[in-house]
Undergrad: 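One structure coming up, written as structure tokens, with questions to follow.
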Amino acid sequence: QVQLAESGGGLAHPGGSLRLSCVVSRGLAPSEQMAWYRQPPGKERDVVATITHDGTKGYIGAVKGRFTISRDIATNTVYLQMNDLTTEDTGIYFCNAFMGGRFTWGRGIQVTVSS
């Protein structure tokens, strides 16, 4: 019974930064992975960043060089550091886990970038 608890959303100005956190109920095993997704207003949810059991990371082109996904194994926490934010980054962000052969989703947290 994997559970995810997200925090860290809110309002930022263009050029600002936010850090999202996702506490996972247990650690990753081989073949398991974590990801952050986002859903902009009026659009479908899509992946933003991924991290595997061995620490391999992936990003969509729109966030490369600005966002960093990482994890703290000791606390079972996955982070998304978001820098140089633009209004295009606005949306609901979801923590996602592929663990135990199935997907688990966080409830989603709002990120708003506005001047």
Undergrad: Taking side chain as C-beta onward, heavy atoms only, is Met99 less than 4.5 Å from Val24?
TA: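 In contact.
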Undergrad: Just to verify, which of Asn96, Thr104, Leu28 counts as forming a side-chain contact (heavy atoms from CB on, under 4.5 Å) with Met34?
TA: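 Of the listed residues Asn96, Thr104, Leu28, the side-chain contact (heavy atoms from CB on, under 4.5 Å) partner of Met34 is Leu28.
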Undergrad: Are Leu85 and Leu18 side-chain neighbours, meaning at least one heavy-atom pair lies under 4.5 Å?
TA: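 Yes - at least one pair of side-chain heavy atoms lies under 4.5 Å apart.
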Undergrad: Give a yes or no answer on whether the side chain of Gln3 reaches the backbone of Ser25 with a donor-acceptor pair at less than 3.5 Å.
TA: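 No, because the side chain of Gln3 does not come within donor-acceptor range (under 3.5 Å) of the backbone of Ser25.
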Undergrad: Who passes salt bridge (Lys or Arg N to Asp or Glu O under 4.0 Å) against Arg38, sequence neighbours left out?
TA: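 For Arg38, the residues satisfying salt bridge (Lys or Arg N to Asp or Glu O under 4.0 Å) (neighbours in sequence not counted) are Asp89.
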Undergrad: Would you indicate whether the side-chain heavy atoms of Ile109 and Ser7 approach each other to under 4.5 Å?
TA: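 Counting from C-beta outward, Ser7 and Ile109 never come under 4.5 Å.
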Undergrad: Restricting to pairs with a member in residues 16-30, which pass salt bridge (charged side-chain N to carboxylate O under 4.0 Å, His left out), not counting sequence neighbours?
TA: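 Only Arg26-Glu32 qualify under salt bridge (charged side-chain N to carboxylate O under 4.0 Å, His left out).
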Undergrad: Please list all pairs meeting side chain to side chain donor-acceptor pair (under 3.5 Å) that have one or both residues in residues 105-114, counting only residues at least two apart or in different chains.
TA: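 Side chain to side chain donor-acceptor pair (under 3.5 Å) check on residues 105-114 returns Gln110-Thr112.
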Undergrad: How would you list all residue pairs meeting salt bridge (charged side-chain N to carboxylate O under 4.0 Å, His left out) that involve residues 41-54, not counting sequence neighbours?
TA: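 Listed once each, the pairs would be none.
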Undergrad: Does a side chain donor of either Ser17 or Asn83 reach within less than 3.5 Å of an acceptor in the other side chain?
TA: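 Distance-only check passes for Ser17 and Asn83.
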Undergrad: Just so I know, are the side chains of Val111 and Leu20 near enough to count as touching, which here means a heavy-atom distance under 4.5 Å?
TA: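 Yes; the side chains approach each other to less than 4.5 Å.
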Undergrad: Taking the side chain as everything from C-beta on, heavy atoms only, tell me whether Val2 gets closer than 4.5 Å to Leu4.
TA: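 Yes - at least one pair of side-chain heavy atoms lies under 4.5 Å apart.
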Undergrad: Is the backbone N or O of Ile69 less than 3.5 Å from a side-chain atom of Tyr59, with the two atoms forming a donor-acceptor pair by type?
TA: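 Checking the backbone N and O of Ile69 against the side chain of Tyr59, a donor-acceptor pair under 3.5 Å is found.
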Undergrad: Using only atom types and a distance under 3.5 Å, with no angle test, would you say the side chain of Thr77 pairs donor to acceptor with the backbone of Thr75?
TA: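 The answer is yes, because a donor-acceptor pair under 3.5 Å joins these two groups.
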Undergrad: Any heavy-atom pair between the side chains of Tyr37 and Cys95 that's under 4.5 Å?
TA: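 No, side chains not in contact.
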Undergrad: Tell me the disulfide bond (SG atoms under 2.5 Å apart) pairs involving residues 31-73, sequence neighbours left out?
TA: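 Of all non-adjacent pairs touching residues 31-73, none passes disulfide bond (SG atoms under 2.5 Å apart).
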Undergrad: By side chain to side chain donor-acceptor pair (under 3.5 Å), which residues pair with Thr87, not counting sequence neighbours?
TA: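 For Thr87 there are no side chain to side chain donor-acceptor pair (under 3.5 Å) partners, ignoring immediate neighbours.
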Undergrad: How long is the straight-line distance from CE of Met82 back to OH of Tyr93, given to the nearest 0.5 Å?
TA: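 The CE atom of Met82 is 5.0 Å from OH of Tyr93, to the nearest 0.5 Å.
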